[in-house]
Amino acid sequence: MGSPHHLGEPVIKRFLRGLILPVTLIATLLLGLFTAMDYFAALEEVERPPERTAEAPSTPAPAPSSQTQTTQPPAETGIARPVNPGLFGQPFTVNPAELERVEPREPISDPLPPPEEPKPLLYRPLALSAGLVSISGRNLALEGIVPTPADRFCPDESGQRWPCGMMARTAFRNFLRGRALACDLDDTNWEGTATANCTRGELDIAAWLVTNGWVDAEPGSAYAELADTAREARIGIHGSDPR
């Protein structure tokens with residue numbers, strides 16, 4: 001073994017050099033293994049919750065000083081307020097006999113007027129002539145106008161006569177169209193011929209007849225100016241045959 005190699009190098013030295021690489025690898029693996037074991041042991045210690053001990057603390061908590069202690073004020077001595085279920089709110093602090101009633105103040109705004117009672121409705125009116133209708137066999141004349149008879153004839157500008165009464169009744173029937181009328185009647189069960197102011201919806205029926213020239217207004221009526229305007233314009237019964 002100690003004899004020189006055929007190349008002049010001892011065999012023992014060559015053997016030792018061959019052991020260096022395996023020993024180095026083994027040492028490296030062992031070092032890595034130990035390092036990994038230490039890492040996982042430390043990680044387990046970090047993740048493990050701390051154990052609670054039932055031992056009392058070694059030092060007791062300091063007692064609060066007398067300066068920080070709050071003292072409640074002593075209860076006030078006096079007469080307690082009587083509790084009466086019959087009273088609402090605070091009890092009287094003065095003698096009720098000393099109270100004085102004052103007049104209420106004036107209202108800030110004027111009170112609203114009471115609502116008007118609706119006018120009675122009359123259904124299925126039939127125009128007998130311009131300004132005169134029949135309702136369930138009873139006659140009703142419009143107030144403030146002079147009805148135009150259905151058989152009246154009127155002269156035109158050339159002196160020719162034309163049936164203005166029939167034309168006025170036809171125009172009045174087309175205006176009514178059988179719609180209900182609201183009339184200011186005290187009693188809807190009248191006898192004979194009643195006179196009232198009537199509307200169809202919001203439209204004054206007598207004003208419509210006078211404005212279109214189909215009737216004359218009574219002297220002193222509220223429709224007198226409308227009748228003068230229609231007469232000056234020569235419309236309706238004041239003009240020529242519109243046919």
Side-chain angles (χ1 to χ4, degrees), residues 1-124 174-182 199-204 208:
M1 293 293 294
S3 61
H5 195 260
H6 64 278
L7 296 177
E9 183 180 3
V11 178
I12 187 63
K13 293 182 179 181
R14 182 181 179 187
F15 174 76
L16 292 176
R17 283 197 301 269
L19 292 177
I20 293 175
L21 182 59
V23 171
T24 303
L25 292 176
I26 292 173
T28 303
L29 292 175
L30 292 176
L31 181 61
L33 179 61
F34 292 151
T35 303
M37 292 175 63
D38 293 340
Y39 172 77
F40 287 109
L43 183 61
E44 184 179 359
E45 290 293 336
V46 172
E47 294 180 354
R48 182 183 304 171
E51 297 181 358
R52 296 182 180 180
T53 58
E55 296 180 358
S58 58
T59 57
S65 61
S66 59
Q67 296 180 357
T68 58
Q69 292 181 354
T70 58
T71 59
Q72 296 182 355
E76 296 181 359
T77 59
I79 300 175
R81 180 175 64 87
V83 178
N84 187 352
L87 296 179
F88 294 91
Q90 296 293 333
F92 292 109
T93 57
V94 296
N95 187 1
E98 300 177 359
L99 299 178
E100 181 182 358
R101 183 179 297 275
V102 297
E103 296 296 331
R105 63 172 177 81
E106 295 294 332
I108 299 176
S109 60
D110 296 334
L112 296 177
E116 297 182 359
E117 295 183 1
K119 298 179 181 180
L121 295 179
L122 305 177
Y123 297 95
R124 295 183 296 275
N174 293 335
F175 171 78
L176 292 178
R177 295 182 181 177
R179 298 178 183 177
L181 306 182
T199 58
R200 193 202 69 182
E202 299 295 332
L203 185 60
D204 189 339
W208 181 87

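These numbers come from the heavy atoms of this one structure, side chains and all, not from hydrogens, waters or symmetry mates.
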Contacts of R124 that satisfy side chain to side chain contact (heavy atoms under 4.5 Å, CB included) - sequence neighbours left out: none
Side-chain polar contacts of residues 29-37 - donor-acceptor pairs under 3.5 angstrom, sequence neighbours left out - could you list them?
from: T35; atom 1: OG1; to: L31; atom 2: O; distance (Å): 2.8

Could you measure the distance from the OG1 atom of T199 to the CG atom of L181? Nearest 0.5 Å is fine. 8.0 Å
F175 side chain reached by R200 side chain, heavy atoms, under 4.5 Å: yes
